[in-house]
Structures are given as structure tokens and as C-alpha cells.
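All residue numbers refer to positions in the sequence shown, counting from 1. Because the structure is a prediction, the values reported are computed rather than measured.
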Amino acid sequence: MTEAPRQPPQRILVAISGSQEFHMTIDAAVNLAAGFGTALQCVIVEHEDLMALTGLPFARTFGRSGMSSAVTLEGVTGYFRRLARSVEHELGERCTRFNVRWTLARPQGDYVRELVASVEYGDVVVVSRGDASAGPGPLLAMFNTILEKAAAVVIPAAKPPKGGRVLALSGGTMDGKARALAHDIALATGRQLAVVPPTEFLTSGPHAAIVVAPIEFAEVMGATRFLHSIEAMGAAAVLV
């Protein structure tokens, strides 16, 4: 029986806030946008707490040699200007190559608040753990908030996987949208799809380049254990 066609994501949203991982984050977002044939919205959040620290006597930055310097408004704004130029250059180069439409916004505020405010219904949201600056528990809580509107949240792999399959954790009471989205991601990225029950993932830890799972499974397994398992196999995680 042929499956009915599904509506692809309307937009890929990628949120960046100064992490050195932004190259991998952009790479994952552009690849998804190109595969789905959809637009990409990039949000660079300029931390308001860093702005608030400027000029305070105890606010200092430390270099590799141990030398320190005061945190100044000029230094912080200059850093975010350089980050924006780097991100814009990389987006322009990669999106032109893959024919992806993109836009860029630069709100100033709290990272999580601005990210959640930027999400539209049906988005696939790409965010690195470095930018989120949160432990496993708070990270899943943030993702649950995002998933009230978004179709999925993607945590890119530390290194873009060149090969490997898309693995959907689906079965029993945890079925839902994981299998359907994994099917679409496999088509969009040209990868093979494998579907395994969550119990098999727990016992054998099958390898994949992209793991698509219900967020309930990550919560049942334990946020720390789930994220460590994904990182250990060098995969990207997609939570729905």
C-alpha cells in the first residue's frame, strides 16, 4: 500500500549564540533545508546578560596565556558583529550552492526566550548543545517547550556524518510522528531508513547517522543516558 504524501516542513529554523560549533549547526540546517526544498531562518541571539556585565569591575575575560581583560560594551558588541559576519558569509556561500532561500535576524535577549519566540508552527528547529548551555534535564525541558509549536528539534552531530542510516525509534506506545519524520529525513538526505523498537535501542544500541525519537523516549531512558548514547555513536538526534 502506498503511503499518502506528507507535508514537508515549511521552514528550518537555526538559532546561534556564539558557540564555536556554529559551523556544524549551519551545515546541518542547510542540508535539511536543501533536502526538504524549504526556506531557512537563522537567528543570532546577542546575549543580554553579557551586555549587562559590561563595565562591572569583576567582569573579565581570560585568554589561553592566563592574561585577563575587562569585559567592555565595545568588546561584546564587536564580538557579535564578527560572529554575524562569519555566519552571514557561511550561510550565503552554502545556501547559494544548494539553492536555499534564507533570512537572518539578530535579536538581543535571553537565548532560550528569543529562540522560543522565533519558532513558528511546523518548524524544524536546529540547535547545538553549546549554544543552549544547559544540562540534559533543562535541555529536554526547553525542547518540550519548543515542540509545543515545532515539528522537531535537531541536535547536530559533532562532526557531519558522511555515511550511515536514519534510525527511527518507533513501536509500542511510543510511535507517533518519529517514524513518519524519519522516513522524510531519509528521503531528503538520501540515506537508508531503519525502524527499531525503543527496547532494541536500549539493549543493543544500533548505530546510525541520524536518530529520530519521541522526546518521551529520551525522558524515559533518562536525558543524560540518551544524549550520551547519541554522542557516542557520533549521530545527530531528532526529537519529535
Side-chain angles (χ1 to χ4, degrees), residues 7-54 71-134 139 142-143 145-160 184-185 188-189 210 236-239:
Q7 182 70 26
Q10 296 301 297
R11 192 177 70 155
I12 306 298
L13 174 67
V14 56
I16 294 170
S17 189
S19 168
Q20 297 303 310
E21 303 167 356
F22 79 84
H23 302 287
M24 284 81 77
T25 310
I26 289 174
D27 184 75
V30 173
N31 286 339
L32 284 171
F36 283 118
T38 191
L40 187 151
Q41 169 71 46
C42 179
V43 177
I44 301 175
V45 182
E46 301 182 0
H47 279 276
E48 64 181 3
D49 54 350
L50 288 179
M51 301 295 183
L53 285 174
T54 60
V71 176
T72 65
L73 180 60
E74 292 79 9
V76 172
T77 55
Y79 168 76
F80 280 112
R81 278 197 304 270
R82 293 190 296 274
L83 174 65
R85 284 197 299 267
S86 297
V87 170
E88 190 167 4
H89 173 76
E90 190 158 335
L91 277 173
E93 186 177 78
R94 290 188 57 78
C95 289
T96 299
R97 189 188 317 163
F98 292 102
N99 196 29
V100 171
R101 294 174 290 111
W102 63 281
T103 53
L104 178 67
R106 293 176 57 185
Q108 185 180 113
D110 173 74
Y111 176 78
V112 175
R113 185 177 69 238
E114 296 300 329
L115 167 58
V116 172
S118 300
V119 177
E120 296 181 358
Y121 284 98
D123 280 351
V124 170
V125 181
V126 182
V127 56
S128 76
R129 292 188 65 182
D131 280 321
S133 300
L139 193 67
M142 180 183 78
F143 289 168
T145 300
I146 293 171
L147 288 171
E148 291 176 6
K149 291 197 293 184
V153 178
V154 179
I155 309 173
K159 293 182 180 179
D184 294 341
I185 290 175
T189 59
I210 302 170
V238 181
L239 295 173

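- The backbone N or O of Ser17 lies less than 3.5 Å from a partner atom in the side chain of Asp131, making a donor-acceptor pair.
- By the 4.5 Å heavy-atom criterion applied to side chains, Asn31 and Arg94 are counted as neighbours.
- The heavy-atom pair separating Cys42 from Val87 by the smallest distance is SG-CG1, 3.9 Å.
- For Thr38 (side chain) and Ala33 (main-chain N/O), no donor-acceptor pair under 3.5 Å exists by modelled atom type.
- Taking every heavy atom of both residues into account, Ala158 and Met24 meet most closely at O-CG, 3.2 Å.
- Distance check, rounded to the nearest 0.5 Å: CZ of Arg129 to OG1 of Thr25 gives 13.0 Å.
- For the pair Tyr121 (side chain) and Glu148 (backbone), a donor-acceptor distance under 3.5 Å is absent.
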Inset, instruction - Evaluate side-chain contact (heavy atoms from CB on, under 4.5 Å) for Leu139 paired with Met142, printing each intermediate quantity in order. - result: CA-CA 5 Å; Leu139 193 67; Met142 180 183 78; 3.9 Å; yes
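- Ala34 is linked by a side chain to side chain contact (heavy atoms under 4.5 Å, CB included) to Phe98, Val100, counting only residues two or more places apart in sequence or in another chain.
- In this structure Gln41 satisfies the side-chain hydrogen bond (donor to acceptor under 3.5 Å, both in side chains) test together with Thr103, sequence neighbours excluded.
- Atom CD in Glu90 sits 8.0 Å away from atom CD1 in Ile16 (nearest 0.5 Å).
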Legend entry - side-chain contact (heavy atoms from CB on, under 4.5 Å) between Val127 and Val154, intermediate numbers included: CA-CA 6 Å; Val127 56; Val154 179; over 6 Å; no
Inset, instruction - Would you sort out whether Leu91 and Leu40 count as a side-chain contact (heavy atoms from CB on, under 4.5 Å), showing the intermediate values? - result: CA-CA 10 Å; Leu91 277 173; Leu40 187 151; 4.0 Å; yes
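- Taking a cutoff of 4.0 Å between a charged side-chain nitrogen and a carboxylate oxygen, Lys149 and Glu120 do not qualify as a salt bridge.
- Listed by chain and residue number, Ile44, Arg106 satisfy the side chain to side chain contact (heavy atoms under 4.5 Å, CB included) test with Ala84 (two or more places apart in sequence, or in another chain).
- Rounded to the nearest 0.5 Å, atoms CZ (Arg101) and OG1 (Thr96) are 13.5 Å apart.
- With contacts defined as side-chain heavy-atom distances shorter than 4.5 Å, the pair Leu147/Val153 qualifies.
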Inset, instruction - List the steps and the verdict of side-chain contact (heavy atoms from CB on, under 4.5 Å) for Phe36 and Ile185. - result: CA-CA 8 Å; Phe36 283 118; Ile185 290 175; 4.0 Å; yes
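- At distances below 3.5 Å, not a single donor-acceptor pair connects side-chain atoms of Asp123 with backbone N or O atoms of Val125.
- Under the side chain to side chain contact (heavy atoms under 4.5 Å, CB included) rule, Ile146 has a single partner from Val112, Leu239, Val119, which is Val119.
- For the pairing with Val126, the side chain to side chain contact (heavy atoms under 4.5 Å, CB included) check across Leu32, Leu13, Asp27 returns one residue only, Leu32.
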